[in-house]
Amino acid sequence: MIELLSEPIRRYIRDKRWEELRAIQKHAIKHIMESEKNVILSSRTASGKTEAAFLPMLSKIDFNKPGVKILYISPLIALINDQFNRVEELCEYLDLPVTKWHGEAKKSAKENLLKNPDGVVLITPESIEAMLVNKEQNAIKLFSSLQFVVIDEIHSFIGTDRGMQLASLLSRLSSFHTSKFRVIGLSATIGAIAETKKLTGDAEGTTLLRDKAPKEMEVSFRYFKMEGAELPIELMKDLYLEVKDNKVLIFPNSRGRAEEVSVKLKKISDRLKGHSYYFSHHSSIDRELREYIEQFAKNNKRYPFSISCTSTLELGIDIGSVEKVVQIDAAHSISSLIQRVGRSGRREGEKSSLIFYATDQWNLLQSLACLLLFRDEFIEPVLASEKPYDILLHQMLSIIKQTNGRTPQQLKKHIKENYAFEHIQEAEMDDVIQTLVEKEQLELIGGELIVGVEGEWTVNNKDFYSVFRSDPSFKIIHHDKTIGELPLMSAFQIDENILLAARIWKILEIDYKAKKIFVIPAKDGKKPMFFGTGGEVHPKIREKMLDVLSCQQEYQELNEEAAEALRLLRLDFKCYPITEIATQRPLVAKHAETIFYSFQGTKINKSIDFLLRLQGITADYNDHESSFNFKANPAEVKAMLKKLKASTEHIDSALISMLESNPAVMEFSKWGTLLPLQYQLIILKLKIYDFTHTEIFLSTCEFVEAQDGSKD
DNA sequence: GACCTGCTGCGGACTG
């Protein structure tokens, strides 16, 4: 395969003394060198995907064409900085310049590139947006003869607003071109092949190359029942013994819990004279501090460490030799579990090691279901929206600013040529333009649309370039040093203690105007509170949970306490015999109450909850257990649930009045709040609810009641 | 019962 590569690249491989190319690299070289198609490369983390893409790309590019040759797009700045060194080392063999272009990159480097556009540019989607909006000329100068576009961690864009924005940006970049650039996508997990291919703009012209070679994995489950709000001390002691001599990542699912874990481990370690390398890593921790932790984990070979983190350490930079991954309570998705497991045993021949801690029966069941689906190679399928009206609105504003004004016809022509919006009709574009004019985001003057009075505020704000929302927060400061940022909330009080960056702090002073909180170290404290919107669990996970509950299979990975917890939960459901996992659901009568276990995904549960409220029926809905608790007998509950199906025709008007009375409902979509109500409705029904599958579920659902009749 | 991501241009003060 090496003979296909250019001489300088072969020299690079010789100098690196690689004995052999990896499987994904061989395939990538063949496909990139010998065809003109787009390519998606999928193989597990640390399998050399970056080289798999760059070795053949750099062999194939035409050096005689002017401008930047390869545009590498990454979802994270940290990843750009990490990849820069690898790509630069490779490009030195070709005398090809490599430039970082993101918000924190040096301005001088960007100016150099503009003077002499060439080589490889590493960029974020938001920086592309900013360049198009503010300096279209720069974008033309740099990017009008691109030969390759690389999208790293491509799965993180699929099915998201940011992915739609990226598709639109690629389409806008390609309009500067006379010839086509090829797209190369890189990922460790591909759950939605068709959607991933679509992101390139040419699904048919895209080949997926996948190396599925599995990694050996050791798994164990532990069970420690949590009473109250804090993790059980027994769990912490067990966890301490597990982590004290190893390099470990701990995923406890929330920032508050991450702080609780690192503070408590540190305390135990202090008492037992263990090491002190216990850290927390999440978005509220100051960037410099996070980088220090990443560098420590990456460069240190000798010392054990434990980093208690959120999804900040799921993607991106290689933090080196992690020996164990600990998951406390169920991960919210399989794809996230895959990324987390992939963080350990990254060296060739090393095993991955994964320990699950569950703090209640339902979390145990969900974790087990996730592991089984993971082994079945199931990944949540993600569907990109065919009608991303909110992203359309944002891109319309962006195009008008970029072009200094366009007639409505010209604007619509841009949109029609943009593959991100291929399913949106002209009449729908007219509606969005009209609402932008009504809200003075745009203004129609002399037949031309320009940025309106309100629009000036929108497009000239630095928050314009992203499609995701960011909330205001307070800086936490100790001795002029920023430790991190916490979301704005009234609960902050002087003398109160908070946990942040694996330490306890006492609040000295709050400066509301400057949004700063001054702190000093303290001895004891509580978790910081964070606000979230609630996780979304896929229906397949819930179905698997019901499957595990209904069968008699025993699992080697469960320790004694975990096995006992599962046995007891199975016992609770023993008299509700389920044989059809797809349709049968338990209806549990208890005293004067009846509990309906839907074993459905979060969207369907939310839809059922909404329909119940619409009927004026009160039921206590708990997504964690996927249950609805009614103050009624089973016969009444059955009748109520069957009747729900009939109420679906009133959904739209009910949702519209909800949007009218409470516009905050739409805040999950940054640009959606500017849309006309009927379009807000469509986005709401797609992103938060799923009435279509709810209706199917309710009409096929068979309620299973207690068989022995002994349950009252 | 959630998590994460990104950022221009300009004026003015300051540093070497």
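Chain letters run A, B, ... following the sequence lines, proteins first, then strands; residues in each count from 1. Quick note: numbers below take in every heavy atom, side chains included, and nothing from hydrogens, waters or symmetry partners.
Here A:Asp511 does not pair with A:Lys475 in a salt bridge; the nearest charged N to carboxylate O distance is not below 4.0 Å. Note on A:Arg340 versus A:Glu314: salt bridge recorded, some NZ/NE/NH1/NH2 to OD/OE distance being below 4.0 Å. The residues A:Lys107 and A:Glu111 are annotated as not salt-bridged, no charged nitrogen and carboxylate oxygen being separated by less than 4.0 angstrom.
OP1 or OP2 of B:dC7 sits under 4.0 Å from a side-chain N or O of A:Ser127. Put simply, A:Arg469 has no side-chain N or O that comes within less than 4.0 Å of OP1 or OP2 on B:dC4. For B:dC3, the OP1/OP2 oxygens have no side-chain nitrogen or oxygen of A:Arg257 closer than 4.0 Å. Taking only side-chain nitrogens and oxygens, A:Ser283 never comes nearer than 4.0 Å to OP1 or OP2 of B:dC3. For A:Thr310 and B:dC4, the shortest distance from a side-chain N or O to OP1 or OP2 is below 4.0 Å. Regarding contacts with the backbone of B:dT5, a side-chain N or O of A:Arg290 is found under 4.0 angstrom from either OP1 or OP2. Of the side-chain N and O atoms in A:Lys401, none sit less than 4.0 angstrom from OP1 or OP2 of B:dT8.
When distances are taken from the side chain of A:Ser470 to each of B:dC4, B:dG6, B:dT8, the shortest belongs to B:dG6. Which of B:dG9, B:dG1, B:dC4 sits closest to the side chain of A:Val537 comes down to B:dG1. Distances from the side chain of A:Ser311 to the nucleotides B:dG6, B:dC7, B:dC3 place B:dC3 closest.
As rounded to whole Å, 17 Å separates atom P of B:dA2 from atom CD of A:Glu667. Nucleotide B:dG1 holds its P atom 16 Å from the CE atom of A:Met545, rounded to whole Å. Rounded to whole Å, atom C1' of B:dG9 lies 8 Å from atom OH of A:Tyr465. Atom CD of A:Glu153 is separated from atom C1' of B:dT5 by 12 Å (rounded to the nearest Å). As a whole-Å value, the separation of A:Glu456 CD from B:dT8 C1' is 14 Å. Rounded to whole angstrom, the span from the CZ atom of A:Arg340 across to the C1' atom of B:dC3 amounts to 8 Å. The NZ atom of A:Lys462 sits 14 Å away from the C1' atom of B:dC10 (whole-angstrom rounding). In this entry the distance linking CG of A:Asn461 with P of B:dC10 reads 16 Å, nearest Å.
Ring-base stacking between A:Phe468 and B:dT5 is satisfied, the centre separation being under 5.5 Å and the plane angle under 30°.
Across all strands shown, A:Asp463 has heavy atoms under 4.0 Å from base atoms, whether or not it also approaches the sugar-phosphate. Counting any heavy atom pair closer than 4.0 Å across all strands shown, A:Ile77 reaches sugar-phosphate atoms only and no base atom. Nucleic acid contact class of A:Asp623 (heavy atoms, under 4.0 Å, all strands): base.
The only member of A:Ser168, A:Ser398, A:Ser466 that meets side chain to side chain contact (heavy atoms under 4.5 Å, CB included) when paired with A:Glu129 is A:Ser398.
Residue A:His624 qualifies as enclosed at atom NE2: its count of foreign heavy atoms under 6.0 Å is above 12.
For B:dG6, its base never sits under 3.5 Å from the side chain of A:His102 at any donor and acceptor pair. For B:dG1, the base has no donor-acceptor partner in the side chain of A:Asn622 [N/O atoms by modelled type, under 3.5 angstrom].
Across the interface with DNA chain B, nearest-nucleotide mapping of A:Lys107 and A:Ala330 shows A:Ala330 to be the residue nearer the 5′ end.
Cation-pi geometry between A:Lys100 and A:Phe84 is satisfied (NZ or CZ under 6.0 Å from the ring centre, within 45° of the ring normal).
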